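Have a look at the structure below, then the notes.
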Amino acid sequence: MEENIEVIFNDFFKYKSGKFYAEEKSVEDIAKRYGTPCYLYSYHSLLSRIKKFKEAFNGVNTLICYSVKANSNISILKIIKEQGMGVDVVSGGELRRALLLNFPPNKIVFAGVGKKDEEIELGVKNHIYCFNIENEDEIDIIEKYARMYRRKVICNLRLNLDIDVDTHHYIKTSKKETKFGLDIHSAGNILRKHRNNKYVEIKGFHLHLGSQLKDTPPYTRALDNVKIFCKENNFSPEIIDLGGGFGIPYSSEDRVKDIEDFGVAIKEKIKEIGGKFLILEPGRYIVGNTSVLLCRVLYVKRRQDKNFVITDAGMNDLVRPAFYGSYHTIIPAKKSRGVKYIKADIVGPICETGDYLGKDIEVPDNIKRGDILIVGSAGAYCFSMASNYNSRPRPCEIMVRGTRDFVIRKREAYKDLWKGEL
Ligand code: LLP
């Protein structure tokens, strides 16, 4: 329990006199005021992550496009926009969020393996910066709308370079058995076929390799392969979009390279290739450790061979442990001194055995109904993957800024559950 939690919770979430705080707010006060489960964000933590990321890529011409899928709350997006970043979108819904917030169109990039015609049209009509292409037919559809709206549309080819990465197999996206990207033969064909296209201009490549990558070699290896591909195809890329994937620690034992190290390695390779413009699409790095999920203990079940702590948050609120077997640090809002710790599974109220937030987590022996638990690293792919399973309204989202707190998403009401049903 005395593990070094700073790496996960950073400077903006910490214990003060035994009570856990988000910036200047005690999380117990927040839980009392807004109820649980509740996602709690720190404004200054978000700003500090953005700053660190930008600094790491200083010195090359870079457009940082935050990956909206990680967390699409419009208050978060507004802060991202105020910090001068763009966005990476993968659906008409995400594009509409970006347009709603008036992101400059030339800072919007559109990726995705299955873009619908209407989504492509929306992007072309709104002059977004570029499309990342995953299919030969996709270019024809883009060309159709480019012709209709009389403009030239920038496209980057998403390459599948068959690169393995060390992460959960569900979030590896660059192995050849995954659905993503173009193999180098199709990419070469597309380059030749569309070299002098009046409506579609291929300016470079897109290479999202996977998510939660902890070290730099996959990026440098991929860029080496791009260099070879360019030579073989006699093509000099203007744009290299390396996607996202930059990992974060979820436990104090997680060893993740600093973002500065990613910056150094990537910048060096980009210069070698002669790429003029680097695009990056970080999601998790920006928001992952800027939020915690607060939940309340409903029951403690002690069995001879196993203990369970049943909380009011379940897999519908935070699915990553159930879906990927991911580890999230879980700690109590109040530190108890001089108590024994026991191991327990922290589980939700959903009728599924896979409904858990943590397994074999150390909790104080005196844990009881009503206590607040904090689930760490809950900013990325947590609310954005939440559902209404078991007819449970999704939690509220609160942002703390110094001594003030703001609702950035209301808790869903029961009537929201059947809205639209006939
Ligand atoms: N760009 C593209 C094209 C992507 O597909 C993704 C994430 C990103 C950027 C951002 O990647 P990041 O920097 O966040 O690693 N739900 C999973 C993660 C899925 C990632 C999907 N693509 C999880 O909870 O771990």
Side-chain angles (χ1 to χ4, degrees), residues 7-10 12-13 22 37-53 56 64-80 83 85-91 93-94 97-98 111 165 167-168 170-173 208-214 242-251 254 256-257 259 262 280-294 313 315-330 357-358 374-387 394-395 397-400 408-409:
V7 293
I8 306 140
F9 292 99
N10 62 55
F12 305 95
F13 295 94
C38 160
Y39 278 100
L40 185 59
Y41 299 83
S42 150
Y43 172 80
H44 288 103
S45 167
L46 180 57
L47 286 195
S48 106
R49 294 303 276 186
I50 295 172
K51 186 161 173 270
K52 274 187 89 170
F53 194 89
I64 304 171
C65 291
Y66 166 71
S67 193
V68 174
K69 63 179 86 62
N71 189 314
S72 55
N73 184 292
I74 58 171
S75 293
I76 307 259
L77 293 180
K78 187 162 172 263
I79 296 165
I80 301 267
Q83 296 305 307
M85 292 163 78
V87 278
D88 148 50
V89 300
V90 290
S91 69
E94 288 188 353
R97 282 181 185 268
V165 292
T167 192
H168 190 281
Y170 280 8
I171 52 178
K172 291 180 178 187
T173 47
H208 178 71
L209 302 170
S211 196
Q212 182 58 4
L213 309 187
K214 297 179 183 169
L242 260 185
F246 310 96
I248 60 166
Y250 280 85
S251 89
D254 259 351
V256 185
K257 271 271 162 70
I259 200 66
F262 283 98
L280 297 164
E281 303 170 351
R284 191 189 315 263
Y285 182 87
I286 301 293
V287 288
N289 279 340
T290 66
S291 173
V292 295
L293 174 69
L294 306 184
M315 64 188 282
N316 73 297
D317 303 302
L318 195 157
V319 77
R320 299 192 71 258
F323 203 39
Y324 310 107
S326 317
Y327 178 86
H328 285 252
T329 296
I330 304 178
L357 298 172
I374 293 146
V375 184
S377 315
Y381 308 108
C382 290
F383 189 92
S384 64
M385 291 178 77
S387 77
R394 284 178 297 171
E397 295 179 281
I398 310 295
M399 182 170 281
V400 171
I408 60 169
R409 191 181 211 277

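For clarity, every value in this text was computed on a predicted model and none was experimentally measured. Positions are given from 1, in the same order as the sequence printed here.
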To check you understand the geometry: which heavy-atom pair defines the closest contact between V7 and S251, and what is its length? CG2-O, 4.3 Å
Partners of R409 by salt bridge (Lys or Arg N to Asp or Glu O under 4.0 Å), sequence neighbours excluded? E412
Taking the six-membered ring for Trp, are the ring centroids of Y43 and F12 within less than 6.0 Å of each other? no
Go through H328 and R320 one step at a time and tell me if the side chain to side chain contact (heavy atoms under 4.5 Å, CB included) criterion holds. CA-CA 9 Å; H328 285 252; R320 299 192 71 258; 3.0 Å; yes
Residue list, side chain to side chain donor-acceptor pair (under 3.5 Å) with E94, at least two apart or on another chain: none
Check ring-ring contact (aromatic ring centres under 6.0 Å, His included) between F9 and all other residues, then give those that pass, not counting sequence neighbours. F20
Which atom pair, heavy atoms only, marks the closest approach of L357 to A313? CD1-O, 3.8 Å
When you measure from the side chain of S377 to the backbone N and O of N289, does any donor-acceptor pair fall under 3.5 Å? no
When you compare the side chain of Y39 with that of I408, does any pair of heavy atoms fall below 4.5 Å? no
Say whether, by atom type as modelled, one donor and one acceptor occur between the side chain of T173 and the main chain of L209 under 3.5 angstrom. yes
Measure from the side-chain N and O atoms of S211 to the backbone N and O of G245, and report whether any donor-acceptor pair falls under 3.5 Å. no
Going through the distances and angles, do Q83 and L47 end up as a side chain to side chain contact (heavy atoms under 4.5 Å, CB included)? CA-CA 8 Å; Q83 296 305 307; L47 286 195; 3.5 Å; yes
Heavy-atom side-chain contact between H208 and L242 under 4.5 Å: no
Are the side chain of T329 and the backbone N or O of I8 linked by a donor-acceptor pair below 3.5 Å? no
Using modelled atom types only, decide if a donor and an acceptor are shared between the side chain of Y381 and the backbone of G288 within a distance under 3.5 Å. no
Please check if the side chain of R97 supplies one atom and the backbone of S72 the other of a donor-acceptor pair under 3.5 Å. yes
Taking all non-hydrogen atoms of both residues, which atom of P395 and which atom of P37 are closest, and how far apart? CB-O, 3.3 Å
Side chains of I64 and P282: closer than 4.5 Å at any heavy-atom pair? yes
V87 versus A98, closest heavy-atom pair with distance: CG2-CB, 3.7 Å
Report yes if some heavy atom in the side chain of S42 is under 4.5 Å from a heavy atom in the side chain of V400; otherwise report no. no
How long is the straight-line distance from CD1 of I80 back to OH of Y66, given to the nearest 0.5 Å? 5.5 Å
According to salt bridge (Lys or Arg N to Asp or Glu O under 4.0 Å), who are the partners of R49, at least two apart in sequence or on a separate chain? none
What's the separation between atom CG in L46 and atom CE in M399, rounded to the nearest 0.5 Å? 6.0 Å
What's the spacing between Y324 OH and T167 OG1 if we round to 0.5 Å? 9.5 Å
To the nearest 0.5 angstrom, please state how far the CD1 atom of I374 sits from the CG atom of L40. 9.0 Å
Check the pair Y41, N71 against side chain to side chain donor-acceptor pair (under 3.5 Å), reporting the backbone distance first and the verdict last. CA-CA 11 Å; Y41 299 83; N71 189 314; 2.9 Å; yes
Using 0.5 Å steps for rounding, measure from the CG atom of D317 to the CZ atom of F383. 9.0 Å
With a 4.5 Å limit on heavy-atom distance, are the side chains of L280 and C65 in contact? no
Partner residues of K52 under the side chain to side chain donor-acceptor pair (under 3.5 Å) criterion, sequence neighbours left out: none
Under the ring pair (Phe, Tyr, Trp, His ring centres under 6.0 Å) criterion, do F246 and F262 qualify, and how do the steps go? CA-CA 8 Å; F246 310 96; F262 283 98; 5.4 Å; yes
First locate atom OG of S291, then atom CD1 of I76, and finally report the distance between them rounded to the nearest 0.5 Å. 7.5 Å
Within the distance-only criterion (no hydrogens, no angle test), does the side chain of E397 pair as donor or acceptor with the backbone N or O of N73 below 3.5 angstrom? no
Identify, with sequence neighbours excluded, every residue that meets side chain to side chain donor-acceptor pair (under 3.5 Å) alongside S67. K69, D88
Would you check, one step at a time, whether the test side chain to side chain contact (heavy atoms under 4.5 Å, CB included) holds for V256 with I248? CA-CA 6 Å; V256 185; I248 60 166; 5.9 Å; no
Below 4.5 Å, heavy atoms only, C-beta onward: do C38 and L293 meet side chain to side chain? no
With side chain to side chain contact (heavy atoms under 4.5 Å, CB included) as the test, would you mind laying out the steps for V292 and F13 before giving the verdict? CA-CA 9 Å; V292 295; F13 295 94; 4.0 Å; yes
Taking 4.0 angstrom as the limit, do K214 and D254 come out as a salt bridge? yes
